[in-house]
Amino acid sequence: MLDVERIRRNPEEIRIGLQHRGESPDLVDRFLELDEAYRATLQEVERLRAVRNQVSREIGKMPPGPEREARIVEMRELGERLVAEEARLRDLEAQREELLLQFPNIPHPSVPVGSDESANRVVRVEGEIPEFDFPPLPHWELGPRLGLIDFERGVKLSGSRFYVLWGLGARLERALIQWLLDLHTQVHGYLEVYVPFVVKREALVGAGQLPKFEDNLYHDVEDDIWLVPTAEVPLTNLHRDEILEADQLPLYYVAYTPCFRRERMSAGRDVRGIKRGHQFDKVELYKFTTPETSYLELEKMVEDVVDTCRRLGLPTRVVEICTGDLGFAAAKTYDVEVYAAGCGEWLEVSSVSNTEDFQARRANLRYRPRPGARPRYMHTLNGSGLGLPRTVIAILENYQQRDGSVVVPEVLRPYMGVEVLRGPR
RNA sequence: GGAGGGGUGGCCGAGUGGACGAAGGCGGGUGACUCGAAAUCACCUGUGGGCCCCUGAAGGCUCACCGCGGGUUCGAAUCCCGCCCCCUCCGCCA
């Protein structure tokens with residue numbers, strides 16, 4: 001959510017921000033109009049309430065009699081007017097709030113301006129792209145051939161875009177989760193958190209998924225409870241409605257969760273393999289910081305993610321996302337991609353964003369700069385560390401051997417119990 | 001799921017229709033005392049919104065908030081209804 005004051009004072013800045021994202025700037029004018037009507041009505045309501053409070057207090061002190069009765073009648077009439085004005089106010093307030101929730105974050109000045117992903121900038125490349133003396137297979141062939149990935153049975157159980165992992169395929173998934181959590185907690189300084197995999201509506205509003213992206217979420221109507229599309233949602237809401245002390249910041253959290261996405265908007269894209277499914281595992285990094293340090297922390301988080309890829313021995317590049325390709329809540333984002341030799345693609349395994357105070361305003365995340373000082377909104381950052389299926393893809397495809405086996409990256413061997421994947425067992 | 005009890009400020013806790021944003025205590029801050037500290041004393045100490053003033057986080061006025069949402073009333077922390085959460089007991093269960 002944007003600062004209302006900022007929209008009022010610098011409407012042009014917001015219009016430009018929206019345009020750079022490829023969105024209509026009309027939102028600003030619609031909001032300003034509604035905001036004005038809202039405030040006018042608010043003032044009238046408060047004026048009436050002030051009179052009522054004042055007179056009611058006087059009534060309490062008056063002896064019974066005609067004078068007192070007259071005042072009561074007067075206030076009864078005023079009360080009727082007040083009820084009507086209050087109804088109007090509630091209506092305007094709801095509309096205003098709804099509109100406010102539609103605003104995406106405004107890109108940071110350093111973000112390259114561009115309309116789509118073609119304007120994204122590769123800012124860093126690391127590691128060697130593996131070379132093979134045989135044609136490397138894509139994972140959707142390698143996986144089933146080794147008995148690690150079973151697409152048919154996934155579809156049988158749950159429909160398209162679900163899959164089953166067998167034996168060492170399942171173990172690889174679990175090993176990665178374990179290794180990632182150990183790495184981030186022991187080397188990168190994050191605190192491990194275990195969070196619920198379903199959340200209330202407010203949590204999704206707080207993180208920015210609702211009301212705009214309802215289509216992409218699984219939802220139990222009976223209890224109005226939602227499957228998390230990313231651990232970012234519960235993590236954002238961990239400190240909702242709290243006021244932390246400055247010396248508690250920054251907070252570094254890491255959480256593993258499965259993620260559930262309906263992916264209705266992307267039907268037809270990336271249909272082969274496990275690159276895009278309705279359910280996938282992810283280890284998520286999250287930071288709560290002061291506004292002063294958030295951009296420094298963003299760079300550090302990117303470095304943590306790159307370090308993770310490096311340790312897995314995967315060719316890695318960092319892409320600075322342009323304004324037109326930025327996610328709803330992000331002010332600035334770097335994608336971290338790894339190269340997968342079988343399908344010949346750079347795969348996004350992490351998207352690292354600074355949302356500045358966008359989520360903090362929605363979820364009411366504040367801190368006190370000094371003891372006794374007024375609370376301020378924190379800044380929040382999120383990034384995958386890493387998304388599992390794509391990491392699995394890159395491992396299978398880059399570490400494959402002529403004989404069809406796959407060598408296990410060294411760091412995972414203690415977690416896997418084997419050095420080579422030759423079959424599911 | 002059933003029965004009973006309960007949700008008040010950073011924390012504890014009083015308050016069952018009017019002067020209550022809310023006693024008292026704890027915690028925190030400032031000052032006095034002290035060479036310094038402790039102790040003691042004095043004062044201050046919730047959040048959000050709107051308006052005025054203004055370059056502003058300084059000041060003034062005002063509204064809202066006692067789990068959440070409705071209602072009754074001139075007036076609600078207090079009465080009524082619905083919901084949520086917590087505790088105890090019973091039931092069920094990994």
Query raised in the report: For the pair made of CG in A:Leu82 and C1' in B:U62, what is the distance, rounded to whole Å?
Result: 14 Å
Query raised in the report: Could you state the CG-P distance from A:Asp223 to B:C83, rounded to the nearest angstrom?
Result: 15 Å
For [N], take OP1 and OP2 only and decide whether either is under 4.0 Å from a side-chain N or O of [X].
X	N	result
A:Arg68	B:C74	no
A:Arg8	B:G50	yes
A:Arg57	B:C20	no
A:Asn53	B:A19	no
A:Arg39	B:C51	yes

**Report entry** Selected nucleotide, minimal atom distance to A:Arg368 side chain, candidates B:U47, B:G50, B:G18
**Finding:** B:U47
Query raised in the report: Between B:U47, B:C63, B:G18, which nucleotide gets closest to the side-chain atoms of A:Glu46?
Result: B:C63
Query raised in the report: Without hydrogens or angle criteria, can the side chains of A:Tyr295 and A:Glu356 be said to hold a donor-acceptor pair below 3.5 Å?
Result: yes
What integer number of Å spans the [atom1] atoms of [N] and [M]?
N	M	atom1	answer
B:G9	B:G67	P	8 Å
B:G31	B:G21	C1'	26 Å
B:U45	B:A22	C1'	15 Å
B:G24	B:C81	P	34 Å

Query - Salt-bridge contact A:Arg311-A:Glu410 (side-chain N to carboxylate O under 4.0 Å) - result: no
Query raised in the report: Which part of the nucleic acid, if any, lies within contact of A:Arg71, taking any heavy atom under 4.0 Å across all strands shown: a base, the sugar-phosphate backbone alone, or nothing?
Result: nothing
Query raised in the report: Which sits closer to the 5' end of RNA chain B, A:Ile72 or A:Arg49, going by the nucleotide each is nearest to?
Result: A:Arg49
Query - Pairwise 5' ranking along RNA chain B for A:Arg96 and A:Met75, keeping only the more 5' one - result: A:Arg96
Query raised in the report: Among A:Arg376, A:His379, A:His239, which one satisfies side chain to side chain donor-acceptor pair (under 3.5 Å) with A:Tyr367?
Result: A:Arg376
Query raised in the report: Are the side chain of A:Ser56 and the backbone of A:Asn53 linked by a donor-acceptor contact shorter than 3.5 Å?
Result: no
